[in-house]
Amino acid sequence: MVRFAFRRSRGLAMDFRIGTDLEINEQPFAHAVTMNLFAYFHTELVQTLGRLAEAGQLPQGLDLARLTVEPPRDPSHGDVSTNAGMVLSKPAGKPPRVIAELLAEALRAHPAVTEVAIAGPGFLNWRLDDGFWRARLGELLAAGARYGDSAMGGGAAVNVEYVSANPTGPMHVGHARGAVFGDALASLLAKAGFAVCREYYINDAGAQVDVLARSAHLRYREALGEAIGDIPEGLYPGDYLKETGAALAARDGDKWLNQPEAAWLPAIRAFAIDSMLAMIKSDLALLGVKHDVFSSERALSESGAVDRALQTLEAAGLVYTGTLEPPKGKLPEDWEPRPQTLFRATAYGDDIDRPLKKSDGSWTYFAADIAYHLDKYRRGFAQQIDVLGADHGGYVKRMQAAVKAISNGNAALDVKICQLVQLFKDGEPFKMSKRAGTFVTLRDVVEEVGKDVVRFMMLTRKNDQTIDFDLAKVKEESRDNMVWYVQYAHARTQSVLRRARVEIPDLALDSAALLAADLAPLGDPAEIALIRQLASWPRQVESAAEAHEPHRVAFFLYELAGGFNTLWHKGNDDASLRFVLAHDRRTTLARLALVQAVAYVIASGLQVFGVEPVMEMM
RNA sequence: GUCCUCGUAGCUCAGCUGGAUAGAGCAUCAGUUUCCUAAACUGAGGGUCAUGGGUUCGAAUCCCGUCGAGGACACCA
């Protein structure tokens with residue numbers, strides 16, 4: 001039995017302890033799960049509150065849901081902060097500062113806490129000594145790029161459905177955003193301890209794939225030497241179907257040439273869908289995007305799953321026949337009042353009830369999608385995420401209503417809408433691809449700037465913001481270019497390590513040597529500040545995963561790169577702060593351990609994005 | 001007309017699910033920089049968080065209204 005309730009609180013109940021001893025090499029590190037230090041202090045405080053309640057100093061059974069332990073917004077306030085005084089004041093019947101003082105007393109006894117202060121309306125702030133931070137660095141070095149792996153998800157199954165582009169043509173840039181977003185979100189959730197399934201829903205049913213079949217048949221005739229002239233209105237004009245037509249001709253010869261449509265359509269449709277799917281998969285491979293499961297709408301429908309799903313809804317009294325109001329705004333020309341089979345979506349928060357059957361009696365796309373989400377639920381996914389394009393905004397409420405209905409409220413669907421990507425080059429809108437006819441393909445963009453730049457760029461904005469993607473600007477070497485700046489910081493860590501090997505050739509710098517380094521020489525405020533930044537990575541992972549917002553990782557990495565460069569430049573002003581000091585091996589080793597830690601965390605973040613860290617800027 | 005998303009510095013955007021004096025980058029201004037190769041670094045100025053109410057110890061964040069931008073609006077997928 002898995003309980004999800006704890007996900008709602010920001011502090012997480014964890015069943016492992018953080019070491020406060022300063023012997024960094026003795027940190028217990030059985031599983032590659034690292035500590036969110038704020039979660040650690042959250043549990044400490046909860047335990048303290050329990051003891052205070054037993055001692056009669058506070059009421060029993062206080063609701064701790066709103067208790068947070070976070071870094072203060074202003075670092076001058078301290079390293080860690082809690083709002084306990086304020087949120088417990090009313091239920092406990094004591095002033096905020098009194099509660100804060102009770103907790104402060106316990107904190108002062110903690111070996112790593114150097115300073116405790118009560119501030120403002122009742123914040124409790126405290127600082128941690130340098131040894132505590134050096135111990136975090138030790139943990140980090142032991143974990144390597146797996147630093148930040150979390151047990152938060154508790155192995156709970158999550159299904160992330162993304163891309164799901166219609167198998168009728170190549171992928172374009174809009175698809176690329178959803179693909180990268182879904183892929184990174186899945187990786188992020190996996191890092192946060194969820195059992196993630198990456199899924200693609202193939203829309204291989206409906207009129208569109210019949211159109212595809214007719215378009216492919218035309219190209220097939222062309223491949224056999226017929227002059228087909230212009231592509232008729234209503235068929236897909238893209239050149240990419242020439243290959244499909246030629247491949248079909250090669251396989252089947254003139255077998256379909258003088259046949260009625262009914263004879264060839266199913267076979268050619270299947271052939272064309274396979275061909276399109278192969279093309280889509282190769283486009284995705286270019287981006288490094290992979291899925292675990294491909295689900296076919298047609299297969300689902302033919303298995304009778306749609307009928308069964310609708311029967312369960314019907315049994316729950318959620319299906320009825322009714323006539324909808326005419327749509328507001330522009331009225332479709334052929335609109336007429338007509339009784340339809342409807343899903344009572346309004347019972348679950350939607351604005352109107354939604355049609356399940358078309359006028360010809362077949363199921364709507366929505367009906368099939370209900371069956372598909374029920375299928376995911378039956379496969380064990382109580383947490384589902386759909387990544388959709390901006391034009392699907394109006395679809396969210398009804399799908400969430402449907403998921404609640406088919407699961408009796410036991411499953412939750414989060415829908416992430418990815419806004420548009422506008423391509424520019426030197427400020428001018430980027431030209432469309434000839435090959436695809438009407439849009440810029442994913443392939444065009446990847447060939448232009450490379451897979452890693454595309455992936456990173458797609459994650460530098462929150463999903464509900466539009467992205468202006470300038471293909472020239474991402475090649476700029478400046479702080480204005482987030483991708484370059486982060487990659488450059490990683491390259492600089494490597495360049496420092498290379499430099500050290502030249503300056504002190506006999507100093508061992510492998511990961512074991514750095515892990516064993518005595519970190520005591522690290523004490524400059526700028527060094528400790530950088531460790532603080534690094535040590536916040538586990539918390540960043542958890543909060544980004546919880547919010548389903550991978551873009552936070554991009555901003556974190558950007559700030560970390562800034563912190564590293566700050567320290568690097570301090571070495572220019574003050575030579576004693578350089579990473580490599582030929583005359584002082586002990587300090588050099590400690591500093592290089594810090595440099596290596598920066599490299600690990602950047603690599604760890606880039607891993608979530610599916611981006612390779614750069615070892616050297618060319 | 002309804003619904004969704006958005007509105008934060010001159011520009012491009014963050015803001016950790018309600019916290020303290022709202023932050024970065026670019027641009028501007030003033031410094032530093034023959035340095036572990038790097039177009040980099042330090043500092044300053046710049047804000048009625050579109051707007052009017054409400055909720056509470058506390059609101060850019062939550063609720064309602066208004067204005068503005070984009071998108072979607074039976075039977076397509």
Side-chain angles (χ1 to χ4, degrees), chain A residues 8 10 38 66 68 70-74 77 81 83 85-87 89-90 95-96 119-123 125 166 168 203 205-209 297 323-332 334-338 340 342 350-352 354-355 357-360 362 364-366 368-369 390-397 417 419-420 460-462 464-466 468 476-482 484-485 488 491-492 495-500 502-503 536 539-540 542-544 546-547 549 551-552 554-556 558-559 562 565-566 568-573 575 578-581 588 591 595 616-617:
Chain A
R8 303 198 65 84
R10 278 199 275 165
F38 299 93
R66 292 172 58 216
T68 60
E70 298 173 322
R73 284 197 190 266
D74 184 346
H77 289 133
S81 176
N83 63 357
M86 278 100 70
V87 299
S89 169
K90 193 175 276 185
F123 288 102
N125 303 318
N166 293 338
T168 54
N203 300 140
Q208 58 183 349
V209 284
E297 178 188 355
T323 305
L324 289 173
E325 295 285 306
K328 314 290 186 192
K330 270 189 225 163
L331 203 60
D334 57 345
W335 188 87
E336 55 182 7
R338 178 185 301 152
Q340 289 175 295
L342 300 172
D350 201 357
D351 309 303
I352 55 171
R354 302 293 179 174
K357 275 188 182 174
K358 303 180 203 170
S359 51
D360 68 0
S362 63
T364 60
Y365 177 80
F366 177 50
D369 216 5
D391 53 342
H392 286 69
Y395 194 67
V396 176
K397 275 191 181 180
I417 298 288
Q419 283 297 332
L420 302 173
T460 55
R461 291 281 183 277
K462 201 158 51 172
D464 49 22
Q465 289 279 359
T466 58
D468 290 343
E476 258 175 39
E477 299 185 356
S478 81
R479 191 161 185 177
D480 198 19
N481 176 2
M482 205 185 238
W484 176 83
Y485 193 70
Y488 169 60
R492 177 171 266 172
S495 129
V496 169
L497 291 167
R498 279 195 301 272
R499 180 76 196 170
V502 172
E503 286 198 26
S536 73
R539 179 174 182 274
Q540 296 285 348
E542 290 179 357
S543 63
E546 192 169 16
E549 291 184 350
H551 77 280
R552 292 188 194 182
F555 285 88
F556 169 79
Y558 184 64
E559 281 168 24
N565 280 328
T566 297
W568 192 89
H569 278 275
K570 275 201 141 192
N572 287 337
D573 300 336
R578 292 192 186 176
F579 297 122
V580 181
L581 301 172
T588 298
R591 288 184 180 164
V595 170
E616 193 174 4
M617 302 303 274

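A, B, ... follow the sequence lines: proteins, then strands. Residue 1 opens every chain.
- The listed nucleotides are B:A77, B:C35, B:A74; the one nearest the side chain of A:Pro355 is B:A74.
- On the P atoms, B:U48 is 16 Å away from B:U61, given to the nearest whole Å.
- Considering only the side chain of A:Glu549, B:G15 comes nearest among B:A74, B:G15, B:A38.
- At a threshold of 4.0 angstrom between heavy atoms, the contacts of A:Lys90 are confined to the sugar-phosphate backbone, with no base atom among them.
- Note on ring orientation: taking the six-membered ring where Trp is involved, the planes of A:Tyr365 and A:Tyr395 are tilted (angle from 30° to 60°).
- When each of B:A38, B:A77, B:C57 is scored by its nearest atom to the side-chain atoms of A:Tyr395, the top-ranked nucleotide is B:A77.
- The CD-P distance, from A:Gln419 to B:U5, rounds to 11 Å in whole Å.
- Between A:Tyr558 and A:Thr460 there is no side-chain heavy-atom pair separated by less than 4.5 Å.
- In the set B:A77, B:G15, B:C36, B:C36 carries the atom at the smallest distance from any side-chain atom of A:Trp568.
- Among the heavy atoms of the strands lying under 4.0 Å from A:Pro72 is at least one base atom, whether or not backbone atoms are also near.
- Of the possible donor and acceptor atoms, none in the side chain of A:Asp351 sits under 3.5 Å from a partner among the backbone N and O of A:Lys397.
- One interatomic measurement links the two molecules: CD of A:Glu503 to C1' of B:C36, which rounds to 6 Å at whole-angstrom precision.
- Considering only side-chain atoms of A:Arg461, the nucleotide from B:A14, B:A20, B:A74 that sits closest is B:A14.
- Spacing between atom CG of A:Asp391 and atom P of B:U5 amounts to 16 Å, rounded to whole angstrom units.
- Counting non-hydrogen atoms under 4.0 angstrom, A:Glu559 reaches nothing in the nucleic acid.
- Each of B:U37, B:G19, B:A14 was ranked by its minimum atom distance to the side chain of A:Arg499; first place goes to B:U37.
- In this structure, of B:C41, B:C75, B:C4, it is B:C75 that holds the atom nearest to the side chain of A:Thr364.
- If you take NE2 of A:His569 and C1' of B:U37, they are 12 Å apart, rounded to a whole angstrom.
- Counting only heavy atoms from C-beta on, A:Asp464 has its side chain closest to B:U5 among B:U5, B:C57, B:C41.
- Straight-line distance from the CG atom of A:Asp480 to the P atom of B:A40: 9 Å, rounded to whole Å.
- If you check every strand for non-hydrogen atoms under 4.0 Å, A:Asn481 touches nothing.
- Here B:G7 is the nucleotide among B:G7, B:U42, B:A20 with the atom lying nearest to any side-chain atom of A:Gln465.
- When each of A:Thr364, A:Thr323, A:Leu324 is paired with A:Gln340, the side chain to side chain contact (heavy atoms under 4.5 Å, CB included) condition holds for A:Leu324 and for no other.
- Backbone-only contact: A:Phe555 has heavy atoms under 4.0 Å from sugar-phosphate atoms and none from a base.
- Relative to the six-membered ring of A:Phe38, A:Arg539 meets both conditions, a distance below 6.0 Å and an angle of at most 45° to the axis.
- A:Val87 comes within contact range of at least one nucleobase, with a heavy-atom separation under 4.0 Å.
- In this structure, A:Tyr485 reaches the sugar-phosphate backbone alone: every heavy-atom distance under 4.0 Å involves primed, P, OP1 or OP2 atoms, never a base.
- Note: CZ (A:Arg354) to C1' (B:U2) measures 10 Å, nearest angstrom.
- Within 4.0 Å (heavy atoms only), A:Ala575 reaches no atom of the nucleic acid at all.
- Taking atom P in both B:A44 and B:U5, the straight-line distance is 38 Å, to the nearest Å.
- Aromatic ring orientation, A:Phe555 versus A:His551: perpendicular (interplanar angle above 60°, classes split at 30° and 60°).
- A:Thr460 comes within contact range of no nucleotide atom at all, as no heavy-atom separation falls under 4.0 Å.
- Residue contacts shown for A:Asp74 are absent, as no nucleic acid heavy atom lies under 4.0 Å away.
- Backbone-only contact: A:Ala390 has heavy atoms under 4.0 Å from sugar-phosphate atoms and none from a base.
- Taking each heavy atom of A:Gly122 and A:Met86 in turn, the nearest pair found is C-SD, 3.4 Å.
- Residue contacts shown for A:Ser359 include a base, since a base heavy atom lies under 4.0 Å away.
- In this structure, of B:G58, B:C16, B:G15, it is B:G58 that holds the atom nearest to the side chain of A:Arg66.
- Toward the 5′ end of RNA chain B lies the nearest nucleotide of A:Gly571, the other residue of the pair A:Gly562 and A:Gly571 mapping further downstream.
- One interatomic measurement links the two molecules: CZ of A:Arg479 to C1' of B:G25, which rounds to 7 Å at whole-angstrom precision.
- B:U51 and B:A39: their P atoms are spaced 41 Å apart (whole Å).
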Bracket notation of RNA chain B in which parentheses pair within the strand, [ ] cross earlier pairs, and | pairs with another strand (Watson-Crick or G-U, under 3.5 Å): (((((((..((((.....[...)))).(((((.......))))).....(((((..]....))))))))))))....

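- Computed from coordinates, the A:Asn83 CG to B:U56 P distance equals 18 Å when rounded to whole Å.
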